[in-house]
Amino acid sequence: LACIVIFFISLTKGEKNIVLVDWLSLLAAGISLLLWYMTSNPLFTVLIITCIDFCGFFPTVRKSYLKPNEENLTTYFMCGLAYLFTLFAMENYIFVTWFYPAALVIFNWAFVAMLLWRRKQLANN
């Protein structure tokens with residue numbers, strides 16, 4: 001529900017600089033959704049869902065690289081922390097159960113690191 005609300009808010013208040021890479025990310029996520037719908041294999045499902053999230057996250061990374069001060073570091077850090085706690089709460093560690101939350105920890109914290117690096121880089125210029 002939160003994603004749907006954010007989607008509708010972004011239509012009016014979101015970034016208007018949409019480039020080819022953003023459209024390709026949307027296309028890749030759409031194709032991945034179609035593949036996810038067609039598969040019944042848990043391993044393929046978790047890999048495809050992770051791909052969908054990465055494709056959906058890429059436009060945010062692109063925009064934030066150019067404008068790193070427009071993103072809230074705390075949100076992404078806490079999101080990564082929440083998924084880290086998810087990993088510690090698991091009873092069975094098999095690839096299908098831990099890969100997706102682990103990928104989200106990496107995605108979010110790598111994003112925070114990139115924002116900190118870009119903010120420092122731009123402050124020095």
Side-chain angles (χ1 to χ4, degrees):
L1 181 62
C3 290
I4 293 170
V5 170
I6 291 170
F7 168 74
F8 283 111
I9 292 171
S10 72
L11 291 177
T12 57
K13 299 185 185 247
E15 183 72 28
K16 303 296 186 230
N17 182 22
I18 300 171
V19 297
L20 179 62
V21 173
D22 298 334
W23 289 111
L24 292 175
S25 294
L26 179 64
L27 179 64
I31 291 169
S32 298
L33 277 171
L34 182 62
L35 292 172
W36 170 65
Y37 180 75
M38 292 172 21
T39 188
S40 59
N41 182 318
L43 175 61
F44 289 141
T45 299
V46 77
L47 293 174
I48 291 168
I49 292 295
T50 305
C51 178
I52 292 167
D53 262 19
F54 181 75
C55 291
F57 198 45
F58 187 76
T60 302
V61 172
R62 183 192 65 79
K63 191 274 285 184
S64 299
Y65 181 84
L66 301 172
K67 301 175 184 177
N69 293 310
E70 291 186 4
E71 293 294 340
N72 186 332
L73 290 172
T74 305
T75 301
Y76 291 97
F77 178 80
M78 296 301 283
C79 204
L81 188 62
Y83 285 109
L84 184 64
F85 289 151
T86 300
L87 288 170
F88 288 121
M90 290 182 181
E91 291 184 18
N92 297 318
Y93 288 94
I94 58 173
F95 186 81
V96 171
T97 60
W98 67 259
F99 181 75
Y100 181 68
L104 292 176
V105 170
I106 293 168
F107 289 169
N108 281 284
W109 286 357
F111 184 67
V112 169
M114 185 272 299
L115 287 175
L116 290 169
W117 172 72
R118 281 294 291 160
R119 287 177 181 184
K120 184 177 180 183
Q121 189 179 42
L122 292 175
N124 290 336
N125 289 337

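Hydrogens, waters and symmetry mates play no part in the numbers below; they use all other heavy atoms, side chains included.
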(message) Looking at F107, I want to see if its CZ is surrounded by more than 12 non-hydrogen atoms of other residues, nucleotides or ligands under 6.0 Å.
(response) yes
(request) Establish whether L87 and I106 are linked, either directly or via other cluster members, by ILVMFWY side-chain heavy-atom contacts under 4.5 Å. (result) no
(request) Look at the side chain of T39 and the backbone N and O of L35, then say whether any donor-acceptor pair between them is shorter than 3.5 Å. (result) no
(message) Within this structure, what is the CG-OG1 distance for the pair N92 and T97, rounded to the nearest 0.5 Å?
(response) 7.0 Å
(message) Is any side-chain heavy atom of Y65 closer than 4.5 Å to one of F111?
(response) no
(message) For W117, is the CH2 atom crowded, meaning more than 12 foreign heavy atoms sit under 6.0 Å from it?
(response) yes
(request) Determine the minimum heavy-atom distance between R119 and L73, stating which atoms define it. (result) NH1-CD1, 3.1 Å
(message) Heavy-atom count check: over 12 atoms from other residues, nucleotides or ligands less than 6.0 Å from F8 CZ?
(response) no
(message) Can you tell me how the ring of F57 sits relative to the ring of Y76, calling it parallel under 30°, perpendicular over 60° and tilted otherwise?
(response) tilted
(message) According to a hydrophobic-cluster definition based on side-chain heavy atoms being under 4.5 Å apart (Ile, Leu, Val, Met, Phe, Trp, Tyr only), do F95 and L84 belong together?
(response) yes
(request) Kindly indicate whether the side chain of W109, heavy atoms from C-beta on, has any atom under 4.5 Å from the side chain of L81. (result) yes
(message) Would the distance check show the side chain of T50 and the main-chain N or O of V46 forming a donor-acceptor pair, the cut-off being under 3.5 Å?
(response) yes
(message) According to a hydrophobic-cluster definition based on side-chain heavy atoms being under 4.5 Å apart (Ile, Leu, Val, Met, Phe, Trp, Tyr only), do M114 and L66 belong together?
(response) yes
(message) Let me check something: do Y83 and F85 share a hydrophobic cluster, defined by ILVMFWY side-chain heavy atoms less than 4.5 Å apart, either directly or through other members?
(response) yes
(message) Let me confirm one number: the CZ-CG distance from F99 to L104, rounded to the nearest 0.5 Å.
(response) 9.5 Å
(request) Can you see which heavy atom on G56 is nearest to which on P59, and at what distance? (result) O-CD, 3.5 Å
(message) When you compare the side chain of S64 with that of L115, does any pair of heavy atoms fall below 4.5 Å?
(response) yes
(request) Mark yes when over 12 heavy atoms from residues, nucleotides or ligands other than N41 sit less than 6.0 Å from its CG; otherwise mark no. (result) yes
(message) Please tell me whether L43 and I52 are part of a single hydrophobic cluster in this structure, the criterion being side-chain heavy atoms less than 4.5 Å apart.
(response) yes
(message) Is there a side-chain contact between Y100 and D53 in this structure, where contact means two heavy atoms from C-beta onward sitting under 4.5 Å apart?
(response) yes
(request) Can you establish whether the number of heavy atoms outside I94 located under 6.0 Å from its atom CD1 is more than 12? (result) yes
(request) Can you measure from SG (C79) to CG (N72) and round to the nearest 0.5 angstrom? (result) 11.5 Å
(request) Provide the closest heavy-atom pair for G80 versus V105 in the form atom of the first, atom of the second, distance. (result) O-CG2, 3.3 Å
(request) Decide yes or no for P101 and M90: does some side-chain heavy atom of the first lie under 4.5 Å from some side-chain heavy atom of the second? (result) yes
